[in-house]
Amino acid sequence: MSLKAFELVPAVEREMLMGDKARINVECIECCGKNLYIGTNDCFVYHFLLEEKISAGKVTFAATKQLHKYLGFKKAVSELKAASALNRLLVLCDNTITLVNMMNLEPIPTGARIKGAVTFTVNENPMSGDPFCVEVCIISVKRRTIQMFMVYEDRVQIVKEVSTPEQPCAVAVDGHYLCLALTTQYIILNYNTGISQDLFPYCSDEKRPIVKRIGRQEFLLAGPGGLGMFATVDGISQRAPVHWSENVIGAALCFPYVVALDDEFITVHSMLDQLLKQTLSFKEGHILQDFEEKEEHYALDPSVLLEPARLPSSSPDKPTNRVHTFDVRQSLVVVFVGKVIVATNKGVYILVPLPLEKQIQDLLSSHRVEEALILAKAARRNIPKEKFQVMYKRILQQAGFIYFAQLQFLEAKELFRSGQLDVRELISLYPFLLPTSSSFTRSHPPLHEYADLNQLTQGDQEKMTKCKRFLMSYLNEVRSTEVANGYKEDIDTALLKLYAEANHESLLDLLVSENFCLLTDSATWLEKHKKYFALGLLHHYNGQDAAALQLWVKIVNGDIQDSTRSDLYEYIVDFLTFCSDQELVWKYAEWVLQKSEEVGVQIFTKRPLEEQGKNSFNPDNVINCLNKYPKSLVKYLEYLVLDRKIKKEKYHTHLAVLYLETVLKLKSVTTDNCVELTETQTKLRSLLQKSDFYRIHFILDKIKGTDLHMERAILYGKLEEHDKALHILVHESKDFSAAEDYCIWSSESKDLPYRQRLFHMLLSVYLNPGSSDCELVMAAVDLLNNHAAEFDAARVLQLVPDSWSVQLLSPFLTGAMRESIHTTRMTQITLGLAKAENLIYKHDKVKLKGSPIILSDKKLCQVCQSPFCEPAFVRYPNGGMVHTHCAANRLMNPNMTHHSQT
């Protein structure tokens with residue numbers, strides 16, 4: 001695919017160079033800054049001054065001939081090299097390198113020259129460190145010989161002569177390293193150490209070798225198979241080769257491009273991806289060279305250099321468009337100026353590189369995103385840092401939109417992130433997503449060519465849906481990052497609109513979490529898409545709870561339709577439960593209770609405790625409200641009594657009365673097994689059994705005359721009238737298991753004698769002399785056999801009739817014997833342990849009495865250092881003795897523990 005990287009611009013026309021002399025041919029060229037030197041086949045050197053002009057975006061060159069000089073030989077000028085630091089031009093003609101003045105082309109007065117040179121090159125990475133000296137490497141006319149010279153302003157000096165394995169054909173030099181094209185192969189030779197490294201073979205008879213230094217310790221070579229090979233001084237290649245034609249006759253470098261010349265074309269390859277970028281038709285060309293010069297300028301106004309001009313370059317180490325040095329104190333500016341020049345026998349042309357930014361934009365326009373990004377990264381070397389960062393971010397954003405239009409969303413997202421895209425650029429593609437109050441305007445020049453999503457997708461609904469899904473995902477990811485800083489309202493509002501339009505489940509998550517959705521825009525959009533529940537959440541987030549509840553109540557009542565939540569009524573109850581606006585809660589309390597008494601009461605029972613005891617939510621106010629709703633009232637009283645365990649008589653009595661009334665009412669209307677009756681009666685019994693705070697006589701009066709025998713028994717038990725309770729259970733209710741249970745729960749948390757008294761009382765009821773019912777006798781037998789541990793066996797044997805057989809009471813007697821034996825043995829163990837402990841104490845006492853303690857008036861208290869005036873004292877385990885009153889003061893000697901002895 002073609003890219004216009006260079007324009008071919010004439011520099012020196014045929015007429016300017018040779019006039020009417022048809023036989024004059026261009027043999028070599030050299031360029032140093034604005035100075036262009038041309039060597040011809042008739043031994044002339046021409047000096048031109050090149051002026052670059054830019055008009056309407058086009059670059060042209062005007063060449064002004066300064067002078068020309070005949071060198072006095074009969075052979076062609078083979079090579080020209082400028083040494084600007086010395087103001088010298090090195091001219092190779094007839095195997096002799098002559099030093100001439102760069103301005104007047106006159107040979108230097110000393111006549112210093114280098115003889116016997118077939119070809120030569122200048123070391124662009126010199127090792128001498130002398131700024132007024134040039135290192136020159138020549139291929140000598142002597143067979144298989146390379147020579148190194150130091151060239152000064154008025155003299156030359158040979159410093160090294162190196163032999164090569166074969167006859168060298170071409171050479172390039174970098175520091176101590178020579179890259180040589182020999183007869184059959186390329187090699188790297190360190191002329192300082194003599195160590196060589198073979199690279200790869202080639203045949204000099206079949207094709208012209210190319211050896212070119214392209215950077216520090218790196219060379220470009222014409223390899224076999226039409227490959228341009230890169231090689232370092234270590235003999236390795238760090239770049240992939242470029243594919244040339246088989247007939248390449250010259251190569252040049254203008255980063256990031258390698259330019260090659262053959263018989264018919266100039267080809268341009270990228271060093272970054274090795275692809276062919278441009279082909280220019282150019283016939284009869286035979287010279288292709290790149291030039292780089294350092295120019296020094298003293299600027300009166302340094303500000304003119306803040307925007308450097310486009311400066312072509314030939315080296316990746318010294319790239320295009322770069323200001324190397326700017327010293328404000330001296331106003332010294334050092335600029336590297338490079339040119340790529342091609343020539344035929346009759347004319348000279350300059351390859352003018354297009355600005356990298358334009359090349360990148362051309363690639364983006366062709367949707368060649370990867371190539372554009374590679375080139376953009378390489379442009380870092382050629383553009384000032386700040387300017388590059390701005391440019392590179394914009395390129396990443398443009399590339400992201402190209403991928404976005406191709407529905408390559410993963411690639412687009414990565415580029416948007418890397419390019420720090422103002423996400424509103426993306427949102428603005430979607431009609432109506434940006435808030436009406438947004439002040440955003442698109443970047444200029446635009447980052448893409450699309451007016452909106454409809455144009456981008458050409459109305460394809462499937463593509464449009466994919467684009468919207470991508471934007472939802474992308475906005476959700478960036479909304480909590482730095483990308484959203486400054487315009488979170490625009491992002492969240494757009495995200496809400498997308499969610500609402502797509503009926504996306506994340507809409508509710510957005511609204512119940514921290515968000516910056518703009519109320520006016522968002523409310524209109526939610527209402528448009530009939531998202532009334534979500535609209536209520538939006539109102540709630542903005543502190544408008546009354547508006548939120550009004551909407552939700554309308555949904556539950558069926559006034560408006562929204563199926564977002566099937567449990568919306570329960571949600572409203574939960575919302576009111578935690579609502580801090582008391583007036584709002586009381587306003588909707590009647591409504592929630594009318595809908596469901598059991599659920600609605602939760603606005604009071606699940607309310608945070610800190611709110612229930614204050615203001616209008618105290619229990620008395622709530623009970624007054626619930627009097628019209630009996631089920632809710634029962635639930636609330638259960639909450640107060642059973643859950644919160646409030647110990648107020650009125651709440652316990654009220655709950656007991658409500659239970660009782662419900663039981664009596666249900667008993668009067670139903671004869672079959674009723675689940676509600678069973679449950680309520682169980683609750684009533686549990687309350688009567690466990691609570692100690694209701695009015696017993698009041699409840700008892702209400703129960704009298706009913707068949708609630710168990711309830712009456714419980715109440716008599718609360719009055720400690722156990723005989724009445726047991727009589728009711730045995731003779732009226734005839735529920736023997738209930739009687740046994742009564743004895744168990746009535747004696748809970750009481751001592752053993754109390755429990756035994758209840759069981760003996762029940763046994764006495766069973767064995768009442770006035771009763772001869774066999775059923776009671778069997779109940780008594782079962783009571784004894786099942787609860788042997790609860791009876792005093794001796795008393796039982798006195799109560800039971802003599803007619804009862806031992807076999808009938810064998811379980812009771814066995815249990816009683818086992819319990820008696822167990823008690824006896826446990827008592828013996830306890831006694832034994834007590835005796836052992838007593839023995840230990842006696843042993844300790846004997847040990848303490850074992851050594852005598854002598855107390856005299858000469859003994860001093862260890863605390864107060866006073867003598868003992870009475871026989872009472874305290875002795876510490878360490879043997880020290882103190883007064884009793886001194887020992888009492890623990891603060892005076894807190895670390896001592898003591899045993900007292902008098």
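Residue numbers start at 1 and run along the sequence shown.
- The shortest side-chain heavy-atom distance between Arg113 and Leu99 does not fall under the 4.5 Å cut-off.
- Counting only heavy atoms from C-beta outward, the side chains of Leu80 and Val45 approach each other to under 4.5 Å.
- Side-chain N or O atoms of Asp94 include none that pairs as donor or acceptor with a backbone N or O of Thr96 at under 3.5 Å.
- Side-chain atoms of Val26 and Asn345, non-hydrogen and from C-beta on, never get closer than 4.5 Å to each other.
- The minimum heavy-atom distance linking Ile383 with Phe388 is given by the pair CG2-N, 3.7 Å.
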Test side chain to side chain donor-acceptor pair (under 3.5 Å) applied to Thr40 and Asp42, step by step: CA-CA 5 Å; Thr40 61; Asp42 58 352; 2.3 Å; yes
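- The nearest pair of heavy atoms linking Asp262 to Ser245 is OD2-OG, 3.1 Å.
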Decide side chain to side chain contact (heavy atoms under 4.5 Å, CB included) for Val173 and Val122; before the verdict, give the C-alpha distance in whole Å, the side-chain angles of both, and the deciding distance to 0.1 Å. CA-CA 7 Å; Val173 61; Val122 174; over 6 Å; no
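- Heavy atoms only, all atoms of each residue included: Thr60 and Val9 are closest at CA-CG1, 3.9 Å.
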Verify side chain to side chain contact (heavy atoms under 4.5 Å, CB included) between Leu71 and Phe44, making sure each step is shown before the conclusion. CA-CA 6 Å; Leu71 298 182; Phe44 273 86; over 6 Å; no
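- Crowding of Glu161 atom CD: a count of heavy atoms from other residues, nucleotides or ligands under 6.0 Å exceeding 12.
- For the pair Gln278 (side chain) and Phe6 (backbone), a donor-acceptor distance under 3.5 Å is present.
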Between Glu218 and Arg239, is the salt bridge (Lys or Arg N to Asp or Glu O under 4.0 Å) condition met? List the steps. CA-CA 10 Å; Glu218 188 174 13; Arg239 310 175 195 267; 2.9 Å; yes
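- By the 30° and 60° cut-offs, the orientation of the rings of His68 relative to Tyr46 is parallel.
- Here the two rings, on Phe120 and Phe149, have centers that are 6.0 Å apart or farther.
- Minimum heavy-atom separation, Phe48 to Ala63: CD2-CB, 4.3 Å.
- Checked against Val340 for a side-chain contact (heavy atoms from CB on, under 4.5 Å), the options Ile350, Leu253, Val352, Asp290 give a single hit: Asp290.
- Looking only at distances, no side-chain donor or acceptor of Lys358 sits under 3.5 Å from a matching main-chain atom of Lys4.
- In this structure, Thr119 and Ile138 have side chains that are not in contact, with every pair of non-hydrogen atoms separated by 4.5 Å or more.
- Here the side chain of Asn123 pairs a donor or acceptor atom with the backbone of Gly175 at under 3.5 angstrom.
- In this structure, Cys28 SG and Gln289 CD are separated by 8.0 Å, a value rounded to the nearest 0.5 Å.
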Step by step, work out the salt bridge (Lys or Arg N to Asp or Glu O under 4.0 Å) result for Arg368 and Asp362. CA-CA 9 Å; Arg368 293 158 66 180; Asp362 289 345; over 6 Å; no
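- Under the 3.5 Å distance criterion, the side-chain polar atoms of Glu166 are matched with a main-chain donor or acceptor of Thr183.
- At least one side-chain heavy atom of Pro168 sits under 4.5 Å from a side-chain heavy atom of Ile146.
- At least one donor-acceptor pair closer than 3.5 Å links the side chain of Arg88 to the backbone N or O of Glu153.
- Distance alone, capped at 3.5 Å, is enough to place a donor-acceptor pair between the Asn104 side chain and the Glu106 backbone.
- Other residues, nucleotides and ligands place more than 12 heavy atoms under 6.0 Å from the NZ atom of Lys65.
- Screening His269, Glu371, Gln359 against Lys277 for a side-chain hydrogen bond (donor to acceptor under 3.5 Å, both in side chains) leaves a single residue, Glu371.
- Residue Glu386 places its CD atom among 12 or fewer non-hydrogen atoms of other residues, nucleotides or ligands, all under 6.0 Å distant.
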Can Asp154 and Thr110 be said to form a side chain to side chain donor-acceptor pair (under 3.5 Å), step by step? CA-CA 6 Å; Asp154 55 359; Thr110 62; 5.7 Å; no
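- Of the N and O atoms on the side chains of Asn95 and Lys115, not one donor lies less than 3.5 Å from an acceptor on the other residue.
- Judged by distance alone, the side chain of Ser55 and the main-chain N or O of Lys58 form no donor-acceptor pair under 3.5 Å.
- Atom CD of Gln274 is surrounded by more than 12 heavy atoms from other residues, nucleotides or ligands within 6.0 Å.
- Side-chain contact annotation: Asn125 with Asp174, donor-acceptor N/O pair under 3.5 Å present.
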Run Leu67 and Leu105 through side chain to side chain contact (heavy atoms under 4.5 Å, CB included) and show every step you take. CA-CA 8 Å; Leu67 73 161; Leu105 301 182; 4.0 Å; yes
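- Closest approach of Ala117 to Leu92, counting heavy atoms only: O-CD1, 3.6 Å.
- Side-chain contact check for Ser237 versus Met229: every heavy-atom pair is 4.5 Å or farther apart.
- When all heavy atoms are compared, the tightest approach of Val171 to Cys137 is CG2-SG, 4.0 Å.
- Between the Gln66 side chain and the Thr64 main chain, a donor and an acceptor come within less than 3.5 Å of each other.
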Verdict with reasoning, Tyr152 to Asp130, per side chain to side chain contact (heavy atoms under 4.5 Å, CB included): CA-CA 10 Å; Tyr152 298 90; Asp130 185 350; 3.7 Å; yes
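- Two residues are said to be in side-chain contact when any heavy atoms from C-beta on lie closer than 4.5 Å; Ile188 and Leu199 meet this criterion.
- Here the side chain of His286 pairs no donor or acceptor atom with the backbone of Gly250 at under 3.5 angstrom.
- Taking the six-membered ring where tryptophan is involved, the planes of Tyr37 and His47 are essentially parallel, since the angle between them stays under 30° and well short of 60°.
- Note: Tyr186 and Tyr202 meet the aromatic proximity criterion, with ring centroids under 6.0 Å apart.
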Would you check, one step at a time, whether the test salt bridge (Lys or Arg N to Asp or Glu O under 4.0 Å) holds for Glu30 with Lys81? CA-CA 6 Å; Glu30 169 68 339; Lys81 295 291 182 185; 5.3 Å; no
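- Residues Leu280 and Leu351 meet the side-chain proximity criterion, which asks for heavy atoms closer than 4.5 Å.
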